[in-house]
Structures are given as structure tokens and as C-alpha cells.
Amino acid sequence: MKRGLEALVASAISTLRARGELDVESVPPVVIERTRDPRHGDFACPAALGLARAARLNPRDLAARIAAVLPPASDVKATAVAGPGFINFTMTEGAFQRIAAEIVDLDAPWGRSRRFAGRRVQVEFVSVNPTGPLHVGHGRGAACGAALANLLEAVGWEVEREYYVNDAGRQMDILTLSVWLRYLEAIDWPDRPEFPGGGYRGGYIRDLARELAREHDARLGRGLSAVPPAEDDDGLLDALIAQARAALGERDYALVADAVLTGLLGGIRDDLARFGVVFDRWFSERELVSSGAVPRVLEVLRERGEAYERDGALWFNAAAHGDEKDRVLVRANGQSTYFASDVAYHLDKFERGFDRVIDVWGADHHGYVPRVKGAVRALGLDADAFDVVIVQLASLWRGKQRVPMSTRSGEFVTLRDLVDEVGADAARFFYVLRKSDQHLDFDLELAKSQSNENPVYYVQYAHARIASVLRRARESAVEGNGLDFGHVERLTERHELDLLKALSRYPEVIESAANACEPHQLAHYLRELATAFHSFYNAHTILSGDEDLKSARLTLAEATRRVVADGLGLLGVGAPAAM
RNA sequence: GCGCCCGUAGCUCAGCCGGAUAGAGCAUCGGCCUUCUAAGCCGAGGGUCGUAGGUUCGAGUCCUACCGGGCGCGCCA
């Protein structure tokens with residue numbers, strides 16, 4: 001609908017320019033807005049307001065001239081020039097009524113667009129370090145990323161969902177050590193060292209250790225030679241890791257390390273699956289590193305003059321690409337940094353042929369954005385094709401009480417617990433209700449409550465109500481099969497038209513939410529759509545005695561049901577037929 | 001100290017590229033179930049859009065300064 005009007009106005013403007021009645025150098029894209037006030041019609045176009053100055057014309061006069069040469073359109077009932085120079089459009093009732101029939105007739109979901117068909121986008125999200133189970137803070141990134149991926153698909157993109165696994169580096173060693181020490185406890189090995197302060201605590205470490213003990217009995221038990229005293233936690237950890245490596249030997253150390261990684265990733269994968277989030281690809285940093293991608297990308301940077309040596313280290317020319325200072329790629333001790341892997345990873349993404357690459361990151365990484373964007377630019381890649389969506393971490397509350405969280409100490413509420421307690425639907429909806437770069441207070445009590453404060457039920461309830469009416473209608477249908485949809489011209493009451501208008505916005509909302517990477521727009525829309533339905537439902541009886549009217553209202557109800565179900569589906573939320 | 005994000009109703013938040021009289025949910029108050037699901041509907045009250053300037057036909061939206069809050073600033077991962 002919007003598109004059609006945009007074309008009308010654009011055509012009128014070029015008519016005026018062709019006639020020499022509008023003297024401007026260029027015309028910005030025509031914008032059509034939904035009106036807030038129904039007295040201003042259904043749509044408004046502020047184009048004349050913007051063009052007036054360049055054309056040195058009074059905005060109202062210009063609006064009137066544009067309106068006068070608008071091509072005829074059967075869906076437009078009236079146009080008017082109003083206010084400072086808006087062109088307002090009122091659509092015919094038929095234009096809205098037809099939408100309900102269209103939605104019901106279509107086999108595929110209505111409101112999808114093919115605008116980006118044939119183009120590929122990668123959405124990388126969650127990518128939490130495999131150091132333990134996902135907690136509720138991670139759930140938001142999962143919910144937002146998954147919804148964003150769905151939205152992009154809905155406007156035609158071919159989407160790949162990827163999880164980047166940080167399975168290389170010291171952190172994996174600390175985890176391996178932690179599990180192995182707990183394993184020594186589990187098999188009651190004598191003379192084992194005290195569990196270090198910097199080690200990972202938490203039940204899942206003990207679980208993995210017990211599993212190790214089940215599979216290998218005491219075969220992996222080793223004594224440690226004396227651990228030299230270390231002045232701090234990190235020093236102690238490094239010493240213990242070195243001892244463990246030596247005692248276990250490379251093969252058994254790798255065996256423990258693999259068991260740890262497999263166990264943790266398996267847990268994460270299960271948790272995400274229960275949350276309704278599935279990835280197309282799990283990309284391993286370790287594999288990236290062992291493929292030689294890091295030295296290769298460093299070579300590219302060197303050749304392009306974007307990397308240089310200083311103080312024995314290799315630096316990336318980040319400041320020249322918008323970062324506040326240059327960044328180390330290879331440390332003086334010869335070890336490449338995490339950042340170097342990341343640069344290699346992003347080059348790899350683009351080499352895989354994506355037209356667009358989107359990273360969904362937690363807000364605690366936002367300081368990292370300039371250097372990665374800078375690296376993408378320095379590699380000569382299309383920086384405009386690379387976006388980082390920042391998802392603010394959620395702070396957790398139990399009513400008025402803030403819940404402290406720390407991964408190493410093992411004190412946190414897991415995503416699994418949350419899903420068990422409130423259900424995946426409520427959690428998914430709750431997470432995407434706020435703009436993702438806005439801080440979110442996640443109140444466990446509220447999310448758990450089955451009350452009307454919890455907005456997911458409001459939308460789902462609309463769906464369940466419709467489903468119930470449709471069941472009723474089927475039962476009473478004489479022929480028994482198939483409902484009689486049609487007669488949409490009978491939908492003329494205010495509540496019916498309001499609902500039709502709400503439905504007509506769906507394609508616009510999907511496009512806007514996808515383009516802005518803002519799933520919350522869809523969540524808000526669904527609430528508004530549900531409101532329009534509930535009002536209609538209370539004002540009128542769907543199963544009317546007037547057969548034609550009944551069929552018209554059933555069409556409207558079914559169309560609404562489909563849009564609600566589809567929209568909830570894009571957010572990863574179910575649409576129950578009964579509640 | 002520097003950088004990024006934020007400040008809108010009692011609370012939690014929307015506000016589309018600057019557009020017409022700033023919206024929603026919750027909470028509060030008052031109504032609506034012998035008829036399709038009351039997890040619903042209808043109505044009321046509630047605002048100096050942090051503060052002060054600036055840009056212009058027009059500012060919650062853009063710019064500057066200040067106040068207040070969050071996060072980030074390693075040859076860590």
C-alpha cells in the first residue's frame with residue numbers, strides 16, 4: 001500500500017519537473033507515513049515540506065500542485081492538502097477489505113517480501129565462550145539474533161546462522177585443568193593440589209569430572225610434582241596447567257580437553273535447542289587457527305601496509321581506521337592475540353561470499369567494534385556490508401532484589417533454568433520486547449508470573465481465542481468440512497476496519513524491523529494487532545446469524561490468526577490453539 | 001581521564017529519514033460476563049520529553065555544553 005502511494009507521488013513530482021513547474025536539482029526518495037490521527041486520512045506524505053525550500057515555493061502551494069497531478073488510483077478514495085503542507089491519502093474500504101481475503105487465500109505466509117532475494121547474509125550470534133552453561137544474560141543475544149535472522153529471511157535474504165566457538169587459548173586450558181582437578185577429587189586421588197582460586201567452579205565442572213571418572217576410572221590419575229609458589233592466581237594457574245600437561249602427556253591432556261569442550265558445547269547446544277535457537281554452523285576458532293588463517297591474514301595486512309613492527313610486537317594500524325589507538329596482533333613473545341584470530345575470522349566470513357555480515361555482540365564488547373570494523377576496512381572489504389548489532393546485557397532481578405552473577409564462581413541463573421520455569425515462549429518474547437541496545441531489567445518473578453503483566457500471553461491469547469472460534473464454526477458447519485470465507489465487503493464497522501488497517505501494516509513492520517535490525521518493532525506491532533483484535537472481538541459477534549456477515553468476520557479472524565501466528569513464529573514464540 | 005550507549009507518565013518502555021494535539025503496558029480509580037475463551041473489553045486521571053543554549057517553516061528526534069546513570073578502555077580471552 002505504502003509502496004503504491006510512494007510511486008504515485010514520485011510520478012506526480014516528475015510530471016511537475018517535466019513541465020518546468022518544479023525547479024529542483026534532485027528529489028529525495030518519497031516518504032509515506034501512516035497517520036497518527038485518523039482525521040488526517042490513512043497515509044500522509046510530507047514530500048512538499050522538504051522540497052519547498054529548494055524550489056522556493058510555499059509548502060502548501062507545492063503540495064496542492066503535486067496533489068493536482070497525482071495519477072488516478074482505484075484504492076485511493078480521497079487526497080487532501082492539510083496542515084503545513086502534507087498530502088493526506090484516504091484509502092477506500094475495499095482496499096483494506098481485500099487484504100483479509102488475500103491473507104486467507106494465500107498458501108504461504110502473507111507479508112513476506114522478495115526485496116533481497118538472491119543475496120546472502122550471515123548472522124553470527126551467541127558465540128559465548130564455552131566455559132559453562134548459558135545464563136540468562138546470554139539468552140537475550142540468542143533471542144535477538146534468532147529473531148533478526150528470521151526477519152531477514154522474511155524480506156528475502158538467504159540467511160546463515162553461525163556460532164563462533166572460542167575453543168583456542170588459555171581459557172580452554174583453565175577449564176581443562178579445573179575439570180581434571182575435580183576428576184582427581186572424584187576418584188579420590190591422594191596428594192592432589194588444592195583447587196586454585198582462579199579455576200572454574202560450579203556444578204557443571206564437577207559433572208564433567210564425574211563423567212570422566214565413569215569413562216576412564218582412575219586411568220587419568222597422576223601425581224603432580226611440587227607446584228612452585230606463585231605470587232598471584234594467574235601465575236598459579238599457569239604453573240598448574242604446565243604441571244598437568246606434563247603429568248598427563250599430550251595425548252591424555254588432549255583427551256581431557258576434548259571431553260571438556262565436547263561436554264560444554266553439547267550442553268550449550270541443548271540449551272539453545274530447548275530455547276528454540278538452532279545454528280546452521282558452529283565455527284571453530286581452533287580449526288581456523290590450525291588452517292593457518294591467522295598468519296595468512298597477517299601477511300595480507302602487512303602487504304597492504306596496515307601492520308607494522310614495534311617493540312618486538314606486530315601492530316595493526318587501527319587508529320588510521322577510526323579506532324582510538326593501534327592494536328597488537330602478535331605479542332612480543334610470538335603469540336598472536338585473540339584480535340588476530342578475529343581479523344582472520346572476519347576475512348574468512350567475507351571470503352565465504354556473503355553479501356552482508358552481521359555480528360550480534362553483547363554490550364560488554366562494544367569497545368571492540370571500532371577495531372574490528374577498522375580491520376574489515378583495512379582488508380579492503382566492503383565495510384558497509386558489515387554491521388555489529390549491540391545487545392545490552394540484561395541485569396537480573398528477583399522482584400526488587402538484584403541477582404549477582406559471576407561465571408567463574410558459578411553463581412548464575414542458567415538459561416535452562418529460565419526456560420524450565422517460564423517456558424521458552426515467554427522468555428523469547430520478553431527478551432525482544434525492548435530495543436536491543438537498551439538496557440533490560442529481567443525480572444524473574446515477572447517472567448515467571450502467569451499474569452497479565454506478562455505481555456506474551458496477551459498476544460497468544462488473541463490467537464487462542466480465534467482458534468477457539470474457528471473450532472466452534474467448524475463444528476457447526478453443516479457440510480462439516482471447510483469454512484466459508486468471503487464477503488469481505490461486509491466488514492464496515494469501525495472495529496473491523498481498525499483491525500484490517502492493523503493487518504495491512506504487517507508487511508511494513510517486517511521490512512522496517514529487518515532493515516533496522518530491530519526485532520522489538522515486531523513485538524510491539526503484535527501487541528497492537530492483538531489489541532485491535534480483542535476490541536473487535538468484544539464489540540461484535542463473529543458467529544453471527546447473518547451467514548454472509550459471519551463468513552466475512554471469519555475471514556477477518558482467520559487472517560488475523562495467521563498474521564499473529566506468523567509474527568510470533570518470526571520471534572520464535574509459539575501460537576497456542578488453546579490456553 | 002578518554003570513548004560508546006542512555007535519560008520521555010508513579011514503574012517499565014515505544015516514538016518510523018525532523019512533521020500535525022507526545023503514545024503503550026503495568027499500577028491507581030470507575031464500569032462490562034444467562035451468548036464465540038474476562039489471560040479480555042470500555043472509560044478516567046497522570047508529562048517542563050534530564051537542564052541550558054543553538055540550527056529552521058517546524059525539535060522528544062539534529063548540534064554544543066552541563067547534570068545524572070550504564071558499559072568499555074591490557075602485548076587478557
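As the structure is a computational prediction, the values presented were derived from the model and not from experiment. Chain identifiers are assigned alphabetically (A, B, ...) following the order of the sequence lines, protein sequences preceding nucleic acid strands; residue numbering begins at 1 within each chain.
- H495(A) comes within contact range of no nucleotide atom at all, as no heavy-atom separation falls under 4.0 Å.
- Among the atoms of the strands shown, base atoms are found under 4.0 Å from some heavy atom of H40(A).
- Base pairing analysis places U48(B) opposite nothing; no Watson-Crick or G-U wobble pair with both distances below 3.5 Å involves it.
- Residue contacts for A513(A): at a heavy-atom cut-off of 4.0 Å it reaches no nucleic acid atom on any strand shown.
- Here the P atom of nucleotide G25(B) and the OH atom of Y525(A) are 17 Å apart, to the nearest Å.
- A44(A) comes within contact range of at least one nucleobase, with a heavy-atom separation under 4.0 Å.
- Projected onto RNA chain B by closest heavy-atom contact, H520(A) and D326(A) fall at different nucleotides, the more 5' of which corresponds to H520(A).
- For H366(A), taking side-chain heavy atoms from C-beta onward, the closest of the listed nucleotides C41(B), G72(B), U37(B) is G72(B).
- Among the heavy atoms of the strands lying under 4.0 Å from D437(A) are primed sugar atoms or P, OP1, OP2 only; no base atom is included.
- The phosphate of C5(B) has neither OP1 nor OP2 within less than 4.0 Å of any side-chain N or O from K435(A).
- As judged by a 4.0 angstrom heavy-atom cut-off over every strand, A473(A) is placed among residues making no nucleic acid contact.
- Heavy atoms of A363(A) sit under 4.0 angstrom from primed sugar atoms or phosphate atoms, though from no base atom.
- When Watson-Crick and G-U wobble pairs are counted only if both distances are under 3.5 Å, C41(B) pairs with G31(B).
- Checked by distance alone, H365(A) brings no side-chain donor or acceptor within 3.5 Å of a matching partner on the base of G72(B).
- Across all non-hydrogen atoms, the minimal contact from V31(A) to P46(A) is O-CD, 3.4 Å.
- Nucleotide G7(B) is matched to C67(B) when pairs are restricted to Watson-Crick or G-U wobble geometry with both distances under 3.5 angstrom.
- Annotation: side chain of N129(A) is in contact with side chain of Q171(A) (closest heavy-atom distance under 4.5 Å).
- When the P atom is used for both U51(B) and U8(B), the distance is 10 Å, rounded to whole Å.
- For C42(B), one of the phosphate oxygens OP1 or OP2 lies less than 4.0 angstrom from a side-chain nitrogen or oxygen of S535(A).
- Classified by its glycosidic torsion, C33(B) falls in the syn category, the angle being within 90° of 0.
- The partner of A20(B) cannot be assigned: no Watson-Crick or G-U wobble pair with both contacts below 3.5 Å exists in any strand.
- Note on R39(A): every side-chain N or O is 4.0 Å or more away from OP1 and OP2 of A20(B).
- When heavy atoms are screened at a 4.0 angstrom cut-off, Q460(A) is found touching no nucleic acid atom at all.
- Between Q335(A) and C76(B) there is no side-chain N or O to OP1 or OP2 distance below 4.0 Å.
- Taking atom C1' in both U34(B) and A20(B), one finds a spacing of 48 Å when rounded to whole Å.
- Listed nucleotides G19(B), C16(B), C36(B) differ in distance to S468(A); the shortest reach to its side chain belongs to C36(B).
- Between R331(A) and C76(B) there is a side-chain polar atom (N or O) within less than 4.0 angstrom of OP1 or OP2.
- Residue R371(A) places none of its side-chain N or O atoms closer than 4.0 Å to OP1 or OP2 of C73(B).
- Following rounding to the nearest Å, E33(A) (CD) and G23(B) (P) show an atom-to-atom distance of 15 Å.
- Residue R434(A) has no polar side-chain atom (N or O) positioned under 4.0 Å from OP1 or OP2 of A14(B).
- On the P atoms, U37(B) is 34 Å away from G45(B), given to the nearest whole Å.
- C73(B) and G1(B) make up a base pair, with Watson-Crick or G-U wobble contacts both under 3.5 Å.
- For a distance-only test at 3.5 Å, the side chain of N88(A) qualifies as a donor-acceptor partner of the base of A20(B).
- For Y537(A) and C42(B), the shortest distance from a side-chain N or O to OP1 or OP2 is not below 4.0 Å.
- For Y461(A) and A39(B), the shortest distance from a side-chain N or O to OP1 or OP2 is below 4.0 Å.
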